[in-house]
Amino acid sequence: MSSKIEGAIIAVVAALCSLNCKSDGNTKQTGTPPVATARPAASMLTLPRAPTPPKNLPPRAVPTSWPVASGPAMAILAGKGVGPIRFGATVATIERLMAAPCEVRDADACRYYARGIEFLLKGGVVKEMHISRPGRPAPKGFSYGIFNGSTPEGVTTLVLERAVPELIGAPPKKEAVADGGANGTVDSWQYPGMRVDFDRTGNKVVVGEIVLTKG
């Protein structure tokens, strides 16, 4: 082989080595130039700003607590009772179905002030049931809570007086109450097995008490 051919071969090998072999003894060249990583524009990295709230807004009144009904939900059934508790039930039956002992118990009644209902007794069994609106004064300095229920038509305590006839019809008997006392009672309507008393609270007249009797 001539010296010119050998020299050409050596030159080609040297060129290939410069591309594929180590350049500095530590780093190996791949033969492919690195691809530059694209960086997003600065506008793509900027998060949207939250809108500035209006200034000088009046403070919002946030209640610290809300009155809520407690105890099992029960339908108010004229002439029958509340839920599964019927006239003639014993105190043991009342406490079992109310899922709690009487808050106040004596020979005449089993009372649940916080739940807004009292079971009046005669001979140890229920003869009347009284459901009172929340905040209505109760004996011994108590006040009533909210009863968890209504009639099937939607009548319960705090319902406006004018709405009751629309729900259950006009009563067979109405009676105005001259002196409503601390309750502010102004009217008393009598239905079969149920009496509805209305209290004035502020500028409204609402259901203040529902009294159930055996029909």
Side-chain angles (χ1 to χ4, degrees), residues 69-159 161 164-165 167-201 205-215:
S70 61
M74 295 185 177
I76 300 173
L77 306 171
K80 296 180 180 180
V82 293
I85 304 176
R86 303 303 171 92
F87 295 104
T90 64
V91 172
T93 298
I94 295 170
E95 292 180 328
R96 175 173 58 85
L97 296 175
M98 289 291 288
C102 308
E103 291 179 15
V104 176
R105 179 179 172 181
D106 53 41
D108 298 324
C110 170
R111 307 180 194 273
Y112 294 87
Y113 293 134
R115 298 182 179 183
I117 187 168
E118 299 168 278
F119 300 91
L120 274 58
L121 308 174
K122 184 177 182 180
V125 298
V126 178
K127 67 170 185 176
E128 280 187 9
M129 303 182 192
H130 291 228
I131 301 166
S132 300
R133 64 173 170 84
R136 207 175 202 236
K140 300 180 180 180
F142 291 94
S143 61
Y144 294 102
I146 301 176
F147 178 72
N148 190 13
S150 69
T151 69
E153 301 83 5
V155 174
T156 188
T157 58
L158 296 182
V159 169
E161 181 181 41
V164 173
L167 295 170
I168 58 175
K173 182 180 179 180
K174 287 185 179 183
E175 182 179 351
V177 178
D179 183 8
N183 297 327
T185 306
V186 293
D187 289 312
S188 182
W189 295 2
Q190 186 69 52
Y191 292 89
M194 180 173 70
R195 190 183 83 231
V196 182
D197 292 343
F198 296 92
D199 296 349
R200 182 177 298 281
T201 59
V205 177
V206 300
V207 175
E209 184 179 36
I210 297 173
V211 178
L212 300 178
T213 55
K214 189 173 181 179

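Computed over heavy atoms, backbone and side chain alike; hydrogens, waters and symmetry mates excluded.
To the nearest 0.5 Å, the span separating CD1 on Ile117 from NE2 on His130 amounts to 10.0 Å. Between atom CG of residue Asn183 and atom OG1 of residue Thr201 there is a gap of 11.5 Å, rounded to the nearest 0.5 Å. Atom CZ of Phe147 is separated from atom CD1 of Ile131 by 4.5 Å, given to the nearest 0.5 angstrom. To the nearest 0.5 Å, atoms CZ (Phe198) and OG1 (Thr185) are separated by 10.5 Å. Between atom CE of residue Met98 and atom OG1 of residue Thr93 there is a gap of 13.0 Å, rounded to the nearest 0.5 Å. Rounding to the nearest 0.5 Å gives a distance of 12.0 Å between OG1 of Thr157 and OH of Tyr144.
Between the side chain of Glu103 and the main chain of Tyr113, a donor-acceptor pair closer than 3.5 Å is present. Using a distance-only test at 3.5 Å, with no hydrogens or angles considered, a donor-acceptor pair links the side chain of Tyr191 to the main chain of Gly169.
A pairwise comparison of heavy atoms in Trp189 and Glu161 identifies CZ2-OE2, 3.6 Å as the closest pair. Across every non-hydrogen atom of Leu158 and Pro134, the tightest pair is CD1-CG, 3.6 Å. Here the shortest heavy-atom pairing between Pro192 and Ala78 reads O-CB, 3.6 Å. Nearest heavy atoms, Leu97 versus Pro72: O-CG, 3.6 Å. Between Val91 and Leu121, the closest heavy-atom pair is CG2-CD1, 3.6 Å.
Taking the side chain as every heavy atom from C-beta outward, Met194 and Ile210 approach each other to under 4.5 Å. You'll find the side chain of Cys110 reaches within 4.5 Å of the side chain of Ile94, heavy atoms only. Using a 4.5 Å cut-off on side-chain heavy atoms (C-beta onward), Val159 and Val206 make no contact. A heavy-atom distance below 4.5 Å is found between the side chains of Met129 and Ile85. Counting heavy atoms from C-beta outward, Thr151 and Thr156 have side chains that stay 4.5 Å or more apart. Using a 4.5 Å heavy-atom threshold, the side chains of Leu212 and Val82 count as touching. You'll find the side chain of Pro137 stays beyond 4.5 Å of the side chain of Phe142, heavy atoms only. Ser70 has its side chain within reach of Arg115: a pair of non-hydrogen atoms, C-beta onward, lies under 4.5 Å apart.
Residue pairs satisfying the salt bridge (Lys or Arg N to Asp or Glu O under 4.0 Å) criterion with at least one member in residues 176-199, sequence neighbours excluded, are listed as follows: Arg133-Asp199, Arg136-Asp199, Arg195-Asp197, Arg195-Glu209. Sorted by first and then second residue, the salt bridge (Lys or Arg N to Asp or Glu O under 4.0 Å) pairs with a member in residues 117-129 read Arg111-Glu118; sequence neighbours excluded.
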Exercise. Can Val177 and Val186 be said to form a side-chain contact (heavy atoms from CB on, under 4.5 Å), step by step?
Worked result: CA-CA 5 Å; Val177 178; Val186 293; 5.6 Å; no
Problem set entry | Test log, rule side-chain contact (heavy atoms from CB on, under 4.5 Å), inputs Glu95 and Arg105 | CA-CA 11 Å; Glu95 292 180 328; Arg105 179 179 172 181; 4.2 Å; yes
